[in-house]
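Notes for the one structure printed next.
Keep in mind that this is a model prediction, so the values were computed, not measured.
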Amino acid sequence: MMNYKKYTRQYFMPPVESLNWAKKEYVDHAPIWCSVDLRDGNQALVVPMSLEQKIDFFKLLVRVGFKEIEVGFPAASDTEYQFLRKLIEEDLIPDDVTVQVLTQAREHIIRKTFEALKGAKNAIVHVYNSTSLAQREQVFRKSKEEILQIAVEGATLLKTLAEEEGANYRFEYSPESFTGTEIDYAVEVCNAVLDVWKPTADRKAIINLPSTVQMSMPHVYASQVEYVNEHLKYRENVVISLHPHNDRGCGISDAEMGILAGADRIEGTLFGNGERTGNVDVVTLAMNMYAQGVDPELDFSDMTEITELYEKYTGMKVDERSPYSGALVFAAFSGSHQDAIAKGMKYREENHCDTWTVPYLPIDPTDIGRSYDADVIRINSQSGKGGVGYILEQHYGLKLPKKMREAMGYVAKGASDTLHKELVPEEIFQLFKDKFENITEPYQIEEVHFKQHNGIIAEVTASYDGKTNVIVASGNGRLNAVSNAMKKHFRLEYDLVTYEEHALEQSSSSRAIAYVGIKDKTGKIHWGAGLDVDIIKASIDALLTAINHMAEA
């Protein structure tokens with residue numbers, strides 16, 4: 001039996017709650033984005049990236065549109081130190097991109113970090129120390145005053161070294177384990193750091209509030225952020241940043257609610273890579289904004305390439321169901337879903353819609369480089385008439401009658417169920433041809449001649465069981481006359497209930513396809529299709545296939 005009683009809530013609610021953030025409907029602007037893929041994401045890998053991979057990844061992040069990129073912990077390893085030096089010395093950092101480096105609030109680490117930064121045009125030095133109750137009592141065994149002093153001394157050394165070097169670096173402070181820290185104490189520590197830095201409008205400080213370990217539901221984190229937002233000194237000159245992890249699976253919610261609560265900036269990674277369960281997934285977070293009509297200011301228009309490069313550099317895999325980026329997130333296998341999507345797409349085409357409202361698709365897959373044909377309508381044993389009909393129309397121009405789409409849907413479902421696999425468009429088309437075209441047994445029609453006299457008279461040369469006969473019958477049209485001839489001579493009992501036709505190409509010599517449905521005496525409908533440059537020939541071929549299906553039933 002799992003012992004749930006040994007767990008208790010370790011977070012701290014603010015002493016006063018306003019909950020103003022909860023009255024806001026949605027995130028209406030993009031935050032400042034800071035990628036921590038090259039530090040937090042890299043240190044979470046079983047095999048960290050090589051120097052060359054980190055450079056390639058850095059270039060990808062720049063291409064996506066990140067203006068702030070944390071490049072590592074240069075005092076922690078030679079690879080991270082050399083990586084930063086290479087970026088600086090080979091002038092690989094665009095003028096509009098700021099690199100960020102992380103350092104503990106310890107003197108020798110801070111000095112090593114500044115050494116690695118020499119020559120950087122734009123940089124953020126991010127210093128941190130843990131402030132949580134658990135860390136103070138169990139790890140450091142220090143008082144609140146002693147922990148606060150560590151933060152102040154680290155902040156002071158950052159300012160001193162920057163002034164000595166004449167560097168206009170910006171500073172960032174994180175009360176690590178913020179979510180396990182008494183909120184009024186966290187504010188006290190952050191304000192003490194800000195009193196050292198005295199941020200200005202042209203050199204703002206960053207206060208980062210990490211959910212180093214998620215300890216609460218997202219609304220609690222948002223309330224904590226809101227309290228800090230309302231009690232920080234120099235607030236107009238401070239950027240409040242969030243660094244959500246994902247221990248409870250709530251990284252996205254923490255970030256979104258935190259922005260509503262006053263945060264200006266988000267630190268996260270592509271696809272949520274990071275220690276333990278990972279960081280906040282910037283792809284999902286940004287695309288959530290995009291799906292609400294807000295410009296995320298990051299470019300994911302080629303999601304497939306970004307995903308492939310990420311997997312190449314990190315050795316990680318993006319899950320097939322990962323929001324927006326997963327291989328199957330737009331795929332509809334369910335018959336009802338496929339039908340709704342197909343109808344929604346048709347509605348957009350007919351009504352020239354400017355906004356996106358297609359059922360089951362929160363965004364237009366083509367916006368991120370995906371396609372309707374390959375990514376949306378997927379056919380397996382769970383699929384139905386709508387999806388199969390959509391595939392045949394989009395790929396092959398076949399506009400099946402509604403009831404025939406249903407019949408073809410069952411054919412495809414049965415084949416997929418038997419084969420235990422998804423069907424690709426070519427297989428679906430072949431199933432259609434095998435089932436509904438050119439079925440010439442047991443009945444055959446070799447030749448037909450028409451003349452007009454009180455309607456249409458058809459002279460049909462038909463055979464059954466090796467015997468050929470010439471049959472004459474009249475009707476109100478050519479197909480009706482042929483049908484009457486077959487019914488009359490072979491004593492067939494059915495009604496011609498559906499006939500549709502359309503051209504497959506737009507030219508004088510284009511082929512046409514005809515669809516015929518006949519209802520037998522039990523009420524069951526049998527289908528046939530015919531394809532020919534002569535629409536009459538196509539219609540007769542379709543009728544013959546339908547008759548032969550009925551004979552086989």
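Using bins of under 30°, 30° to 60° and over 60° for the plane-to-plane angle, the ring pair Tyr360/His337 lands in the parallel bin. Classified by interplanar angle (parallel below 30°, tilted 30° to 60°, perpendicular above 60°), the ring pair Tyr310/Phe57 is perpendicular. Under the 30°/60° scheme for interplanar angles, the aromatic rings of Phe436 and Phe432 are found to be tilted.
Using a 3.5 Å distance cut-off with no hydrogens or angles, the side chains of Glu349 and Tyr347 do not pair a donor with an acceptor. Thr284 and Asp281 form a side-chain donor-acceptor contact under 3.5 Å, judged by distance and modelled atom types alone.
Distance alone, capped at 3.5 Å, is enough to place a donor-acceptor pair between the Arg248 side chain and the Ser216 backbone. Under a 3.5 Å cut-off, the side chain of Thr461 and the backbone N or O of Glu446 do not form any donor-acceptor pair. Using modelled atom types, no side-chain atom of Glu447 and backbone atom of Val460 make a donor-acceptor pair closer than 3.5 Å. Not a single donor-acceptor pair under 3.5 Å links the side chain of Thr269 to the backbone N or O of Asn279. Of the possible polar contacts, one joining the Ser539 side chain to the Ile535 backbone as a donor-acceptor pair under 3.5 Å is found. Side-chain atoms of Thr314 come within 3.5 Å of backbone atoms of Met316 as a donor-acceptor pair (strictly under, hydrogens ignored). Judged purely by atom type and a 3.5 angstrom limit, Glu393 has no side-chain atom pairing as donor or acceptor with the backbone of Tyr390. Judged by distance alone, the side chain of Asp37 and the main-chain N or O of Gly41 form no donor-acceptor pair under 3.5 Å. Remark: the backbone N or O of Ser35 is not paired with any side-chain donor or acceptor of Glu70 at under 3.5 angstrom. Looking at Gln53, its side chain does come within 3.5 Å of a backbone N or O of Ser50 through a donor-acceptor pair.
Here Thr366 pairs with Asp364, Tyr372 under the side-chain contact (heavy atoms from CB on, under 4.5 Å) rule; sequence neighbours left out. Taking Asp96 as the reference, Lys67, Pro94 meet the side-chain contact (heavy atoms from CB on, under 4.5 Å) condition, with sequence neighbours excluded. By the side chain to side chain donor-acceptor pair (under 3.5 Å) test, Lys59 pairs with no residue at all, sequence neighbours left out. With sequence neighbours excluded, the residues forming a salt bridge (charged side-chain N to carboxylate O under 4.0 Å, His left out) with Arg265 are Glu68, Glu172, Glu267, listed by chain and number. Considering only residues two or more places apart in sequence or on other chains, Ala261 meets the side-chain contact (heavy atoms from CB on, under 4.5 Å) condition with Trp21, Ala222, Val225, Glu226. By the salt bridge (charged side-chain N to carboxylate O under 4.0 Å, His left out) test, Asp354 is found to be paired with no residue, residues two or more places apart in sequence or in another chain being considered. With sequence neighbours left out, Asp264 forms a salt bridge (charged side-chain N to carboxylate O under 4.0 Å, His left out) with Arg235. Take Val282 and apply the side-chain contact (heavy atoms from CB on, under 4.5 Å) test, not counting sequence neighbours, and it matches Trp33, Phe66, Leu298.
Residues Leu285 and Glu256 meet the side-chain proximity criterion, which asks for heavy atoms closer than 4.5 Å. Gln43 is listed as a side-chain neighbour of Asp40, based on a closest heavy-atom distance under 4.5 Å. At a threshold of 4.5 Å between non-hydrogen side-chain atoms, the residues Leu400 and Met408 count as touching. Using a 4.5 Å heavy-atom cutoff, the side chains of Arg348 and Val358 are in contact. With a 4.5 Å cut-off on side-chain heavy atoms, Glu500 and Lys399 do not count as touching.
Atom CG in Leu51 sits 7.0 Å away from atom OG1 in Thr79 (nearest 0.5 Å). A distance of 10.5 Å separates CD in Glu275 from CG in Leu45, rounded to the nearest 0.5 Å. Separation of atoms CG (Asp91) and CD1 (Ile93) is listed at 8.0 Å; rounding is to 0.5 Å. Taking CG from Asn246 and CG from Asn273, the interatomic distance works out to 11.5 Å, rounded to the nearest 0.5 Å. Atom-to-atom distance recorded for Leu260:CG and Asp28:CG is 8.5 Å, nearest 0.5 angstrom. In this structure, Glu297 CD and His29 NE2 are separated by 9.5 Å, a value rounded to the nearest 0.5 Å.
Salt-bridge formation is detected for the pair Asp247/Arg276: a Lys NZ or Arg NE/NH1/NH2 atom is positioned less than 4.0 Å from an Asp or Glu carboxylate oxygen. A salt bridge links Arg63 with Glu305: at least one charged nitrogen is closer than 4.0 Å to a carboxylate oxygen.
Other residues, nucleotides and ligands contribute over 12 non-hydrogen atoms within 6.0 Å of the NZ atom of Lys24. The environment of CD in Glu350 is crowded: more than 12 heavy-atom neighbours from other residues, nucleotides or ligands sit within 6.0 Å. Summarising the local packing, CD of Glu25 is surrounded by 12 or fewer heavy atoms from other residues, nucleotides or ligands at distances under 6.0 Å. Heavy atoms from other residues, nucleotides or ligands lying under 6.0 Å from CD of Gln444 number more than 12. Atom NZ of Lys421 has more than 12 neighbouring heavy atoms from other residues, nucleotides or ligands inside a 6.0 Å radius. Annotation: Tyr290, atom OH; neighbour count of heavy atoms from other residues, nucleotides and ligands within 6.0 Å does not exceed 12.
When every heavy atom of Ile456 is checked against every heavy atom of Phe450, the shortest pair comes out as CG2-CD2, 3.7 Å.
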*Take Asp339 and Lys343 through the salt bridge (Lys or Arg N to Asp or Glu O under 4.0 Å) test and state the conclusion after the steps.*
CA-CA 6 Å; Asp339 187 56; Lys343 288 175 178 174; 3.0 Å; yes
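For the side chain to side chain donor-acceptor pair (under 3.5 Å) condition, the pairs that include at least one residue of residues 541-553, sequence neighbours left out, are Lys537-Asp541. Annotation: ring-ring contact (aromatic ring centres under 6.0 Å, His included) contacts involving residues 452-480, sequence neighbours excluded, comprise Tyr443-Tyr464. Pairs passing the ring-ring contact (aromatic ring centres under 6.0 Å, His included) check and including a residue from residues 514-538, sequence neighbours excluded, read His502-Tyr515.
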List the atom pairs, donor and acceptor, that lie under 3.5 Å between side-chain atoms in residues 475-496 and the rest of the protein, sequence neighbours left out.
from	atom 1	to	atom 2	distance (Å)
Asn480	OD1	Asn476	N	3.1
Asn480	OD1	Asn484	ND2	3.3
Ser483	OG	Tyr494	OH	2.7
Asn484	ND2	Ser474	O	2.9
Asn484	ND2	Asn480	O	3.3
Lys487	NZ	Tyr494	O	2.9
Lys488	NZ	Val472	O	3.4
His489	NE2	Asn469	ND2	3.4
Tyr494	OH	Ser483	O	3.4

